[in-house]
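Here's the structure, in structure tokens; my notes come after.
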Amino acid sequence: MLETIGLSKSFGSLKALNDIDIKVGRGEVVGLVGENGAGKSTLMRILAGVEQPDEGELRRDGEPIHLSGPLDAGRQGIGLVFQEQSLLLNMSVAENLFLGREAEFTRFGLIDRNKLHAAARQQLAKVGQTIDPGKRVSELAFSERQMVELAKALTLEDRVDRDLVILLDEPTSVLEQAEIDILFARVRALRARASFVFVSHRLDEVLALSDRIYVMKDGAIVGAMPAAEASVPKLHQMMVGHGLHGEYYRENEQRPPAADAVLVARGLGSGRAYRDVDLTLHRGEVLAIAGVIGSGREELIRTIFGFEPADTGTLEVFGKTVVLTSPADAVARGIGYIPRERRVEGLVMLLSIAVNTTLAGLDGVCRRGLVDHARERAVARSWIDRLAIKTSGPDLPCSSLSGGNQQKVVLAKWLQAGSGILILDHPTRGLDVGAKEEVYRLIREVCARGTAVILTADTLEETIGLAHTILVMRDGRVTAKIDAAPGAKPAQVDLIEYMV
Amino acid sequence: RAEGKPTLVNSLRSLSNPYHAAWNKGGEAFAKSLGLDYVTLVTEGDSEKGIADIRAILAKTGGNAVINIDPNDAADARPIVEACAKAKAHIVTQWNKPADLHPWDFDPYYVAHVSFDGVLYGEATAKVLIESIGGKGGILALGGTLSNTPAIERKAGLEKAIAANPGIKLLDFQVANWQSSKAFDTVAAWITRFGADIKGIWAANDDMAIGAVEALRAEGLAGKVPVTGIDGIKTGIDAVRAGEMVATVSWDPFWQGAMGLSIAYAARTGRFDPAKEPKAHREVYGTGVVVSKANVEAFYKANIENEPKLDYNDLWGRAAGQIRT
Amino acid sequence: MSLATTSANHGERLRSRLRKTAPLLVLVGLCILIGVTSPNFLSLPNGIRVLTAASIPMVLALGATFVILVGGIDLSVEGNIALSAIVLSLVLSGPLGTLGLWAVPLAILAGAAMGAANGAAHVGLRIPSFMVTLGTWFVGLGLGTVLLGGGTIRIVEPSIRALSLTRFVGLPLLVWIAAAALLVAWVLQARTRFGRHVYAVGGAEDLAALSGIRVGRIKVLVFILAGAFYGLAAVMSAAQIGQGNAAVGDGRLFTTITAVVVGGTSLAGGDGGVIETAIGVLIVAVLANGMILLGIPPYVQQAVQGLMIIAAVAISIDHRLFRIVK
Amino acid sequence: MSAVPSLARWRDAAPALFLAVLVAVITVATPDFAQPGNLLGVLADTATLFVLAAGMTFVILIGGIDLAAHTIASLSSVVVALLLPTLGYGAFPVALAVGFASGLFSGVVHVRLHVPSFIATLATSGVVSGVALLVSDARTISIDAAGRSQLAWITGSVAGVPAVVLIAAAVFLACAFVQRFTRFGRRSLAIGAGEPAAWASGIRVGRQKIIAFALCGTLAALAGALLAGRLSAGTPVLGNQLLLPAIASVIVGGTAITGGAGGIGRTLIGALIITVVRIGMTFVGVNIFAQQVVFGLVLIAAVAVTIDRTKIPIVK
Ligand SMILES: Nc1ncnc2c1ncn2[C@@H]1O[C@H](COP(=O)(O)OP(=O)(O)OP(=O)(O)O)[C@@H](O)[C@H]1O
Ligand SMILES: Nc1ncnc2c1ncn2[C@@H]1O[C@H](COP(=O)(O)OP(=O)(O)OP(=O)(O)O)[C@@H](O)[C@H]1O
Ligand SMILES: [Mg+2]
Ligand SMILES: [Mg+2]
């Protein structure tokens, strides 16, 4: 009922999409997988009318259609849940849900707020949310925002009589398991009316939800198969070009941590977010913190990087008791932070790779207090080589890189700064499997060299796979400290027990 | 080219006010009477721009220019005069110049400096005001921008008049930056503060006086509380005719625009040698006309209804003595 | 979800509410302070005078609010007033002298046309609004000067003067006009699609575009609306002082933007609104009135005003919400 | 290396090309314009504006704005005029220190009290002009003949080149150096282009911002001293009309008003464009009533040509 014929799209000299033919049948869930930069989002944007293809056409129920914009696509029953958050933070939930469609709620040209909120409540209920529709989106948690995005796409249901096509571009990357379950349940329930295109880097999810799967590589479709015939290793092989290593986290390559503690927290507490947290981080150790949203782990790691000071307790870094009141303090003590929102807090997107690489460790490329540009470039080049960053040079802006490569630049920044302690806040979010492996390798490597890591990971699997030690938090308290030495990894249920 | 006909140049602060617009008309009329090229320069209140423009015009004409200027600031006069003398162009300055800069320092190119005695006329309008309220009671004063020389002089004149009349009390002095809208709001607040104690309002220019009149009108007090201004712009004269203002002073900007050029032109064409002129003709006060109820109708007929008739050759007809320093 | 986060959110919201009302509290505090030292301040006639003094800045600031809400800035205020006021006085004094009140829509139209030019250049040529409107500031002043040859025209037309001189229920018509403008602006902002779209564009224009909002059109409309408000303010100014010339708008720009920001509208766009602006305008008007009532010498007035405004803004800005202040 | 300059290079050259076209047009209309003497005069007339705009560049690059710079220049002119008789050359460092302190004040109010720079500096301008009025007693302070000898480094010339031009050139080099080679320069750019990322990379954003304002204040004071030198006087309103031209110079050169892209080289060209347009109109003899209109339109045209839209994703 929706198909593309020979779609192509270029950005300058880069061919982002090359002769794409895909079909989405009635009531079907189509999975779409591929490496970072394969062109998935570009394809989705074209299907949603946000961008125009250079060549090729779209067909709806066999008829060629032209989508001049997102509104047009909406009229055709096509809706998109964006990869990047597309909600306006300064507006209310209800206003966001019906943005661009206020006409349906106006009387004599004036918006009827009660009607708007009633409709919004109904819409939110569809995705199992009871958020106050008058709340500003900026006050919502990331996962709540994602559900609002979904609810926004689902407004198509009431709007269009015909069958719907809902495009989900990495909807699960910021969701917790419970919410993913709601999402999947919702998708399954809607199949009577809607078909879905589902993009995710979590291949097991794709296998679980989809009927059929397309694999993209370098802007082209390189494989299509029913989900029943696919498996994680097979998809991985098609996407990356080499087989999945038997064991993702390569436990045998993990080195045990050293005995000396680099960071010790005692009785740390901050408002209602968390309290009485004791933790010890050793040189070369990966300390993962597990917990659901609201467990306080987000706030805890932000304290350790100086974003928000703690109210109680003491923090000792490299043997010195410190009070961190800003990231600058933390960086000065040798702590680095890879944020979840790398486009905002990780990189200055419009500046070059070289500049970003030295952002936290400018002193390293200074000579007599002055920036040595040649040295800076050389340093950037060496990181590009060592981390295999895909780019044509250190002078290109970071905005030209794909997500995985951007993440590598962030990592390069902290390695360049010589941080002995790295805080990794969801470091693989949005990365493809190949890039993930890359990040895992880098984590192992820096640990082997003595860097200590505090990790909040995307999934429990990742948490267990990467960690030496796992701290489980619930309602602001540490509920368990679990050893996860290579060869003696705990099971997921062992953690969940302490999480909820 | 220096032998050819000189270009006549008037340099003013801005063209968006009636005072300088009339000045410009005077310059145009004089240039037309001689059939010479005429250029207007506007500083827009920017000293650097004013100086740069003069330099540009000197470069363009090769110094064959006659310049009549109202410098944006007293400080501008020196570099401008120096540039003119260097380029051998003749210049007359008006209103603003530093006290230690004299035309005779740059003979023969710095022909003269013309100004009006701000103290004298500030005092004159204040006297009319005081008289109109019977020499007793509280008055208010609206000043121009704080650091402006004419504003300072006019205020000094006001203070002189008050000192001579012990029955008069200056209730408050505020600056309204020459603007009517600011004067309006200031007077409104004064009415709250002083109420019926306000017997009269003195303003350092007509624009502010008009703002004061309108603020009074909004409270039903126009014509009941006398107001004075200075400058003699048309709306000010109208208000005097209507009895809402009791006095203003006309400088006759048309005369300033025409005669400034005429004096410098006369020097350039050799009709007189500046170096031989008395100091009273080099730093000279012009004559202002205090327009009040007594003479307003005649003034209106001669100057507003008709374009003023000037004898361009009567260079010193309105000279009123040497400028005090 | 745990209790901890929801109640933390509660505290957060409460604080942000408090911050939101801070400008109002500043206004009330200011009134009390001045009222205590100068009892006349709290009299009814002075209340009316303050409102009158606030009426023209109010209309100007309402227009500017929309521009600032979409994340732009409009520096052409003074040029626009000059042009509109001169159009008004020319229409009144020219061969069409009998047009009377009809000159008002023409002047507003002139303002709107200049706004349209701003919007078209900003959106069409993709030039920052700061620069476009800086340019049109000069253009407006220049055109005004050309049209009038630098002179002043007295406005005697009684129907226009009535705007300033006639009172209705004790208040000059100017105040009623400002109140009506506030109402119109509020309805536009809070209750219409246009208003929603203004916030969306100010929040993040790329995202707004993804929801199908025609960003360019909204921006152009916003500049036109602002221009129309400035045109109206020009009419009010000319009516108040009974004359039209190129200088009627002098000194209005910075007070206008100050009022908007003091009210709590963010210069980054997307946050704030006309009610906030109304409070900001009143703060600035009360301050100006108060300084004269308290007899603060002219030398230090600017400084005092500056420090008071810093205090007002520092108190009312929620630095938890606006981490980045530019 | 290709023989054809890339698009990006053209973009970088756009402001200079615009300037060249302007000069060419004016020269064609009035050939005298291009005489070396006159061109040097144009440079001299640009010097003060450029120095003020140079300071403004630092502030705009970090995403702020300084609406107090002109009043700082005025205050500095007063300080120079007042102190020259007693302190001699010592008057200049004092004036610069006063400018530095004023800029510091703006910066601290902006950063520490979280007041938008637009408002913080507007308020500072009120305070600074108040101070200027007070210390000058609201009068023009002339520098007498004795004092003028100490102004020779401003008013004189070296090998036919006006000294102010050389001073401006030195300021240009110093600023270019600061922007390119110092940590502060690098960090300001990062702050302007991505403040949250800069902050989360451990840059002391607040401190860098304050430095930018202090630098701007210091350069504004230098501009004021130059003005005092050129006019042999200080007044509390001397620099007042220079604010908008200074900001316009920065933006016309192509620096983003939102920060993060641009630099001192662009400001130099921007300041020259502003001066050349103004003086050029006098040269060509554009009707005086039309001059403001032409000036406004040329400003808009200049920005349309000079801004690099690839570095400004969203034009606000
Ligand atoms: N607006 C644009 N301008 C230039 N290049 C672009 C643009 N949008 C995408 N690209 C490039 O097109 C390619 C495909 O990008 P796209 O976002 O579709 O990848 P993706 O498969 O969604 O990757 P990811 O898994 O990281 O989300 C990438 O190389 C990207 O850098
Ligand atoms: N909690 C925060 N989250 C994000 N950014 C912040 C936060 N707090 C401060 N900032 C950023 O830091 C800037 C200035 O903050 P602040 O005044 O604390 O200075 P600083 O960076 O800590 O430097 P200094 O060491 O000089 O105090 C803000 O404009 C903002 O960009
Ligand atoms: Mg994508
Ligand atoms: Mg700090």
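Below, read A as the first sequence line, B as the second, and so on, with proteins coming before strands; counting in each chain starts at 1.
No other option in G306(C), A268(C), A303(C) has as many heavy-atom pairs under 4.5 Å with chain D as A303(C). Among A302(D), G130(D), G63(D), G64(D), the residue making the largest number of heavy-atom pairs under 4.5 Å with chain C is G63(D). By number of non-hydrogen pairs under 4.5 angstrom with chain C, the leading residue of A301(D), S125(D), A123(D), A290(D) is A123(D). Ranked by heavy-atom pairs under 4.5 Å with chain C, the list A120(D), G126(D), A138(D) is led by G126(D). Taking chain C as the reference chain and counting heavy-atom pairs below 4.5 Å, the highest number among N287(D), L67(D), L299(D), V252(D) is found for L299(D). Of the residues considered (V298(D), L244(D), V131(D)), L244(D) shows the highest number of contacts with chain C, using heavy-atom pairs under 4.5 Å. Most heavy-atom pairs under 4.5 Å with chain C: of the set L133(D), V128(D), I119(D), this distinction falls to I119(D).
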Review item, side-chain donor-acceptor pairs of residues 113-125 of chain C, under 3.5 Å, at least two apart:
from: N118(C); atom 1: OD1; to: T136(C); atom 2: OG1; distance (Å): 2.6
from: N118(C); atom 1: ND2; to: S76(C); atom 2: OG; distance (Å): 3.1
from: H122(C); atom 1: ND1; to: I127(C); atom 2: O; distance (Å): 2.7
from: H122(C); atom 1: NE2; to: K219(C); atom 2: NZ; distance (Å): 3.4

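A donor-acceptor contact closer than 3.5 angstrom is absent between the side chains of T265(C) and T65(C).
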*Let me see the working for D250(C) and I81(C) under side-chain contact (heavy atoms from CB on, under 4.5 Å), right down to the final yes or no.*
CA-CA 9 Å; D250(C) 279 6; I81(C) 299 179; over 6 Å; no
*Kindly indicate, with the supporting measurements, whether the criterion side-chain contact (heavy atoms from CB on, under 4.5 Å) is fulfilled by V205(D) and E195(D).*
CA-CA 8 Å; V205(D) 171; E195(D) 191 167 326; 3.8 Å; yes
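Proximity to chain C (any heavy atom under 4.5 Å) is shown, for I288(D), by neither the backbone nor the side chain. When heavy atoms are compared at a cutoff of 4.5 Å, L122(D) approaches chain C solely by way of its side chain, counted from C-beta outward. V109(D) touches chain C through its side chain: at least one heavy atom from C-beta onward sits under 4.5 Å away, while N, CA, C and O do not. With a 4.5 Å cut-off on non-hydrogen atoms, L143(C) touches chain D through its backbone and its side chain both.
In this structure, CZ in F213(D) is found 9.0 Å from OG1 in T124(D), a value given to the nearest 0.5 Å. The distance from the CG atom of L83(C) to the OH atom of Y230(C) is 14.0 Å, given to the nearest 0.5 Å.
In this pair, F58(D) and F184(D) present their aromatic rings tilted. The plane angle is within the 30 to 60° band.
Counting all heavy atoms, side chain and backbone alike, V250(D) lies closest to T57(D) at CG2-OG1, 3.8 Å.
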